[in-house]
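Below is one structure, written out as structure tokens; the observations come after it.
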Amino acid sequence: MKAIDVQQLVNRFSLEVLAGETQLHRTITKSRVYRPGLEFVGYFDFFPQEHVQVLGKKEINYLHTLTEAERNHHIGNIVKYHPPCFIVTAGQEGLKYLKKYCNEEGIPLLRTSALTTDFLGNMTAYLTKMLAPEISVHGVCVNVAGIGILLRGKSGVGKSETAHTLIRRGHRLVADDIVVLKKLSPQTLLGTHDGKTKEFLALRSIGLVNVSRLYGRKAFQEETRIVLDIELTQWQNDCLNNELELTPSFTEYMNVSIPHIEIQLQPGRDVAGLIEAAANNWYLRQQGYSAAEDFMKRLEMD
């Protein structure tokens, strides 16, 4: 199971540490954040204790309305479950009672000046990405006109050279050689690099090149949603290469289905141009248009 520690949250969101400074190594394994509500009145049947707990104005203002004895009782009930941390939003003050219990129980108490709604969205997106299941595949990941594409094929088939041509046409490299795929949802696959190969492209006979240094910052992108899986293969003379593809094929990564296209290589073929066409064709399909279906309808009209 993937995990991050509270210190990473502090660094990423510039959080102020109010209590539990020695416990920032506590781990977080759940991507959803939680705002305790019913727990303040003693209902804990479904309390997600492994989640980051966020206290907005609603929660803090409610606690301020309680007597000291009531407040201590309710806070004491929650901290005994030892969630990873508490985060107070909107820079709220008057948290002496929270500091007391968090220090006693060794739970980090953090604060941000960000508004609750904004912070919840940003925190959830960050945790979802950081804790997402992931695998590494051999290939190249590029962003073509805003469309994320995974290029696969046997070693030496020309994946990196094709990516270089696409970069020179104004598209962007995401990862070369090792592509990290993260499953953000049952329908969403994110492609990124492994950190070590960031911005590097390996070209046979040339060696490593840094695309950002060579072609400018616009030549590289940190991550992209993968919507097409394109496999580069050697040309086969006895294979039908102009099929209508009325029934699309798919490749599955971590149970996420991605449309699959095979492009056969032959000297003189504009492979980069074909990939651009595939990206644009995918976009048209998302708008509800299929050239193959349009063609078949015309045939039926005759």
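Computed from a prediction, not measured in an experiment: that's the story for all the values here.
- The shortest distance between side-chain heavy atoms of L265 and V157 falls below 4.5 Å.
- Distance alone, capped at 3.5 Å, is enough to place a donor-acceptor pair between the D194 side chain and the T197 backbone.
- Residues E105 and H82 have side chains that bring a donor and an acceptor to within less than 3.5 angstrom of each other.
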Give the intermediate values and the outcome of side-chain hydrogen bond (donor to acceptor under 3.5 Å, both in side chains) for residues D176 and S160.
CA-CA 7 Å; D176 181 38; S160 297; 2.8 Å; yes
Derivation of the side-chain hydrogen bond (donor to acceptor under 3.5 Å, both in side chains) call for N11 and Q7
CA-CA 6 Å; N11 297 340; Q7 182 68 63; 3.0 Å; yes
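- Between E199 and R213, none of the side-chain N atoms (NZ, or NE/NH1/NH2) sits under 4.0 Å from a carboxylate O, so this pair counts as no salt bridge.
- In this structure, R169 places its CZ atom where more than 12 heavy-atom neighbours from other residues, nucleotides or ligands lie under 6.0 Å away.
- No more than 12 heavy atoms of other residues, nucleotides or ligands shown are found within 6.0 angstrom of CD on E68.
- Residues Y253 and D229 meet the side-chain proximity criterion, which asks for heavy atoms closer than 4.5 Å.
- Inter-residue side-chain proximity for Q8 and M130 is flagged as met; some heavy-atom pair is nearer than 4.5 Å.
- One finds no salt bridge joining K297 and E293 here, because no Lys/Arg side-chain nitrogen approaches an Asp/Glu carboxylate oxygen to under 4.0 Å.
- In E50, the CD atom is not crowded: 12 or fewer heavy atoms of neighbouring residues, nucleotides or ligands sit closer than 6.0 Å.
- With respect to the salt-bridge test (charged N to carboxylate O, under 4.0 angstrom), the residues R35 and E59 qualify.
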Do H74 and Y97 pass the side-chain hydrogen bond (donor to acceptor under 3.5 Å, both in side chains) test, and can you show the C-alpha distance, the side-chain angles, and the key distance before you say yes or no?
CA-CA 11 Å; H74 292 315; Y97 52 92; over 6 Å; no
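- Nearest heavy atom pair, residue H193 against residue V180, reads O-CG2, 3.7 Å.
- Here the closest heavy-atom approach between residue R111 and residue Q92 is recorded as NH1-O, 2.9 Å.
- Taking both residues in full, the closest heavy atoms of A19 and C102 are given as CB-CB, 4.0 Å, listed atom of the first, atom of the second, then distance.
- In K2, the NZ atom is crowded: over 12 heavy atoms of neighbouring residues, nucleotides or ligands sit closer than 6.0 Å.
- No more than 12 heavy atoms of other residues, nucleotides or ligands lie within 6.0 Å of NZ in K218, so this atom counts as exposed by the packing criterion.
- Ring planes of F13 and Y126: perpendicular class, angle over 60° (limits at 30 and 60°).
- K129 and L184 make their closest contact through CA-CD2, 3.9 Å (heavy atoms, listed as atom of the first residue, atom of the second, distance).
- Between the side chains of E276 and H171, at least one donor N or O lies within less than 3.5 Å of an accepting N or O.
- In plain terms, the two heavy atoms of I263 and R269 that are nearest each other are CG2-NH1, 4.2 Å.
- With a 4.5 Å cut-off on side-chain heavy atoms, L24 and V17 count as touching.
- Between Y43 and F46, the two ring planes are tilted [angle within 30° to 60°].
- When side chains are defined from C-beta on, V41 counts as touching Y62, because their heavy atoms get closer than 4.5 Å.
- Here the closest non-hydrogen pair linking Q53 and P36 is OE1-CD, 3.6 Å.
- Using a 4.5 Å heavy-atom threshold, the side chains of F86 and L110 count as separate.
- The distance between the ring centers of Y215 and H164 falls below 6.0 angstrom.
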